[in-house]
Amino acid sequence: MPYTVAVLAAASEDQGPGDTLRIVLLVSLVGAALLAWFLLRGYRNDDNND
């Protein structure tokens with residue numbers, strides 16, 4: 001039984017690139033939102049500049 005617990009503990013520490021992928025996904029979503037805001041703000045009608 002202690003061997004099984006040790007194997008499960010070692011396997012749970014090595015989960016792969018989950019944290020890295022989560023960070024990359026979050027940064028890419030924030031970047032896409034900022035890019036969309038930057039591009040779409042030029043299409044806004046500005047009535048003060050007639």
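Keep in mind the model is a prediction, meaning the values are calculated, not measured. Note: hydrogens, waters and symmetry copies are ignored here, and every other heavy atom, side chains too, is used.
Both Leu39 and Trp37 are part of a single hydrophobic cluster, where members link through side-chain heavy atoms under 4.5 Å apart.
Using a 4.5 Å heavy-atom threshold, the side chains of Arg22 and Asp19 count as touching.
Between atom CG of residue Leu21 and atom CG of residue Leu26 there is a gap of 12.5 Å, rounded to the nearest 0.5 Å.
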